[in-house]
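All values reported here derive from a predicted model rather than from experimental measurement. Because only heavy atoms are used, hydrogens play no part in the values below, and waters and symmetry mates are left out as well, while side chains stay in. If you read the sequence from its start, that first residue is 1, and numbering goes on from there. In each ligand, atom 1 is the first atom listed, and ligand 1 is the first ligand listed.
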Amino acid sequence: AKGQRRGTACYFSAEMGQAARARMQLLDSLRTATGSSQLFAVYQPKVCLKTERVLGLEALLRWRRPDGEMVPPDRFIPLAEQAGLMMVLGSFVTHTACATLRRLHEAGHTALTMAINVSHSQLREPDFVPLLAHTLHETGVAPQAIELEITESMAADDLTLIQQRLQDIRALGLSVAIDDFGTGFSSLSVLRHLQAQRLKIDRSFVAEIEHDSRIARMVVQLGQLLGMQVIAEGVETAAQQAMLQAMGCDQGQGWLFARPMEEGALLTWLSQRGG
Ligand code: C2E
Ligand code: MG
Ligand code: MG
């Protein structure tokens, strides 16, 4: 009822009870999965739209349940956030992604960078930056090779705290990207306050680009005006690639180039394309 409008009432239905029980069960199995091989990271390449040269990777968390069912991150990450599990999951992804990047560098792919998604509760945690510094030190990865992806809505409730965190992150040498740009409810001025180096065009705007390219075009121009690099998410067709390139967007990520892959498959993929 609160979610609809404060001070209203609504009836508790059997479906709501079932949904709540299903969430509890999922959370229980997520707790068991934490720290087991059920959770792992996959990596999706980010490419230069013009040459299709690989510039870097984005780490994405995966959960495969013992029965083989894949639970999408859009389902279990919000649950982990609510249950206070995100710090543990986040540290796992950060550590895994840095260790993978180190191995990729050692395999000769020295120019690759790694983007890691960071959720709201992680960024608010007082230990977040010291832990990050520790992980970089432990895995021997240069901070300049790591980018953190945050969403604009993170700044909505506590801009001062988030600004401070981002400043500490930049002081360590990492860069920051704004993910899913244009889908949140923040004001444009938030973008200036966050001082991120990269803007990611949400894939919903890329998906509609052939029918309506106005928002994608606006995001590219906004990024350029603010001196940011712009990358398009969810590029699935050559037509989308061509349109993005024509509007001045120079980087892309999507199934057209590569799906997210486990480390082994990624190494094979990288060596097959010779770079
Ligand atoms: P995101 O960070 O915006 O990641 C991009 C999503 O788009 C990924 O979904 C990716 O698999 C998907 N994608 C990439 N290319 C294409 C394409 O061409 N077409 C389509 N239709 N989709 C494409 P995924 O892996 O399901 O992740 C969903 C979201 O879950 C992520 O969105 C991110 O917000 C969150 N997430 C994933 N891993 C992590 C993590 O380690 N930590 C945190 N905090 N969030 C994560
Ligand atoms: Mg992302
Ligand atoms: Mg995104």
Side-chain angles (χ1 to χ4, degrees), residues 30 33-34 38-47 49 52 54 56-64 69-101 113-125 128 131-132 135 146-154 165 175-184 196-210 215-216 219 230-241 244 251-262 265-266:
L30 181 57
T34 306
Q38 290 180 41
L39 287 167
F40 58 98
V42 289
Y43 306 95
Q44 187 177 36
K46 302 193 282 185
V47 306
L49 284 179
E52 294 190 13
V54 184
L57 306 155
E58 176 177 4
L60 295 158
L61 192 55
R62 291 291 177 265
W63 177 16
R64 189 189 290 122
E69 187 204 345
M70 297 293 297
V71 187
D74 289 333
R75 240 177 101 208
F76 71 82
I77 284 175
L79 209 59
E81 284 262 314
Q82 287 165 16
L85 278 178
M86 210 46 227
M87 208 49 200
V88 181
L89 290 191
S91 309
F92 166 74
V93 174
T94 308
H95 194 280
T96 308
C98 287
T100 294
L101 187 64
T113 59
M114 181 71 76
I116 301 169
N117 293 284
V118 172
S119 70
H120 197 203
S121 57
Q122 279 176 273
L123 205 58
R124 295 177 68 93
E125 195 65 43
F128 180 73
L131 260 170
L132 195 60
T135 305
I146 304 292
E147 181 164 275
L148 300 185
E149 297 194 0
I150 63 165
T151 57
E152 51 185 319
S153 47
M154 281 184 195
R165 281 287 186 282
S175 57
V176 175
I178 310 291
D179 207 350
D180 307 336
F181 182 69
T183 60
Q197 283 82 5
R198 194 191 305 275
L199 204 52
K200 299 193 81 173
I201 309 176
D202 188 70
R203 67 169 192 261
S204 58
F205 305 127
V206 174
E208 67 179 16
I209 210 167
E210 284 164 84
I215 296 183
V219 177
V230 182
I231 182 164
E233 299 184 319
V235 183
E236 293 184 359
T237 69
Q240 290 168 349
Q241 177 186 14
L244 285 158
Q251 297 171 13
Q253 184 180 352
W255 296 347
L256 178 65
F257 311 112
R259 299 242 176 183
M261 293 168 272
E262 286 187 60
L266 175 69

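Of all atoms in ligand 1, numbered sequentially from 1 with element shown, those under 4.0 Å from a heavy atom of Glu58 are 2 (O), 4 (O). Annotation for ligand 1: atoms under 4.0 Å from non-hydrogen atoms of Asp74 are 28 (C), 29 (C), 30 (O). Those atoms of ligand 1 that come under 4.0 Å of a heavy atom in Glu236, given as number and element, are 17 (C), 18 (O), 19 (N), 20 (C), 21 (N). The Gly254 neighbourhood of ligand 1 comprises atoms 15 (N), 18 (O), with distances under 4.0 Å to a heavy atom of that residue. Listed by number with element, the atoms of ligand 1 under 4.0 Å from a non-hydrogen atom of Pro73 are 24 (P), 25 (O), 26 (O), 27 (O), 28 (C), 30 (O), 37 (C). Atom numbering of ligand 1 starts at 1 in the shown order; those under 4.0 Å from a heavy atom of Pro260 are 11 (O). Taking a cut-off of under 4.0 Å to the non-hydrogen atoms of Asp179, the atoms of ligand 1 that pass are 1 (P), 2 (O), 3 (O). Taking every non-hydrogen atom of Gln44 and a distance limit under 4.0 Å, the qualifying atoms of ligand 1 come out as 14 (C), 15 (N).
Listed for the Glu152 side chain is a donor-acceptor partner under 3.5 Å among the backbone atoms of Gly184. Not one N or O on the side chain of Arg198 forms a donor-acceptor pair closer than 3.5 Å with the backbone of Glu149. A side-chain donor-acceptor contact under 3.5 Å links Gln197 to the backbone of Val176.
Note on Asp180: its N/O/S atom closest to the Mg ion (ligand 3) is OD1.
The shortest contact between atom 38 (N) of ligand 1 and any protein heavy atom is with Leu61 N, 3.0 Å. Closest protein heavy atom to atom 4 (O) of ligand 1: Leu60 CD2, 3.6 Å. With hydrogens left out, the protein atom closest to atom 43 (C) of ligand 1 is Asn117 CB, 3.6 Å, a heavy atom. Protein heavy atom at the shortest distance from atom 12 (C) of ligand 1 is Arg203 NH1, 3.5 Å. Remark: minimum distance from atom 23 (C) of ligand 1 to any protein heavy atom is reached at Trp255 NE1, 3.5 Å.
Ligand 1 lies out of reach of Lys200, whose nearest heavy atom is not under 4.0 Å from it. Not close to ligand 1: Gln253, with no non-hydrogen atom less than 4.0 angstrom away. Heavy atoms of Met86 come nearer than 4.0 angstrom to ligand 1 in at least one pair. The closest approach between any non-hydrogen atom of Pro72 and ligand 1 is not below 4.0 Å.
Going from atom CZ of Arg203 over to atom CD1 of Ile209 covers 15.0 Å, rounded to the nearest 0.5 Å. Here the straight-line distance linking atom CZ of Arg165 with atom CG of Leu148 works out to 12.5 Å at 0.5 Å rounding. With rounding to the nearest 0.5 Å, the separation of CG in Leu244 from CD1 in Ile201 is 5.5 Å. How far OG of Ser153 is from CG of Asp180: 8.0 Å, rounded to the nearest 0.5 Å. Residue Phe92 holds its CZ atom at 9.5 Å from OG1 of Thr34, rounded to the nearest 0.5 Å.
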task = Check step by step if side chain to side chain contact (heavy atoms under 4.5 Å, CB included) holds for Leu30 and Val71.
result = CA-CA 10 Å; Leu30 181 57; Val71 187; over 6 Å; no
query = Going through the checks in order, is the side chain to side chain contact (heavy atoms under 4.5 Å, CB included) test met by Ile146 and Cys98?
reply = CA-CA 8 Å; Ile146 304 292; Cys98 287; 4.0 Å; yes
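The presence of a protein heavy atom under 4.0 Å from atom 41 (O) of ligand 1 is confirmed. At a distance under 4.0 Å, a protein heavy atom can be found next to atom 36 (N) of ligand 1.
Residue-level proximity to ligand 1 for Ile77 is carried by the side chain, the only part with a heavy atom below 4.0 angstrom. Neither the backbone nor the side chain of Val42 has any atom closer than 4.0 Å to an atom of ligand 1 (non-hydrogen atoms only).
Inter-residue side-chain proximity for Met114 and Tyr43 is flagged as met; some heavy-atom pair is nearer than 4.5 Å.
Nearest heavy atoms, Val206 versus Glu233: CG2-O, 3.2 Å. Summarising the geometry of Gln240 relative to Gly234, their closest heavy-atom pair is OE1-O, 3.8 Å, with the distance given to 0.1 Å.
The angle Glu149:OE1 - the Mg ion (ligand 2) - Glu58:OE2 amounts to 90°, with values rounded to 10 degrees. Expressed to the nearest 10°, the angle at the Mg ion (ligand 3) joining OE1 in Glu233 with OD1 in Asp179 is 110°.
At a threshold of 4.0 Å, the pair Lys200-Glu147 does not count as salt-bridged, since none of the basic side-chain nitrogens sits closer than that to a carboxylate oxygen.
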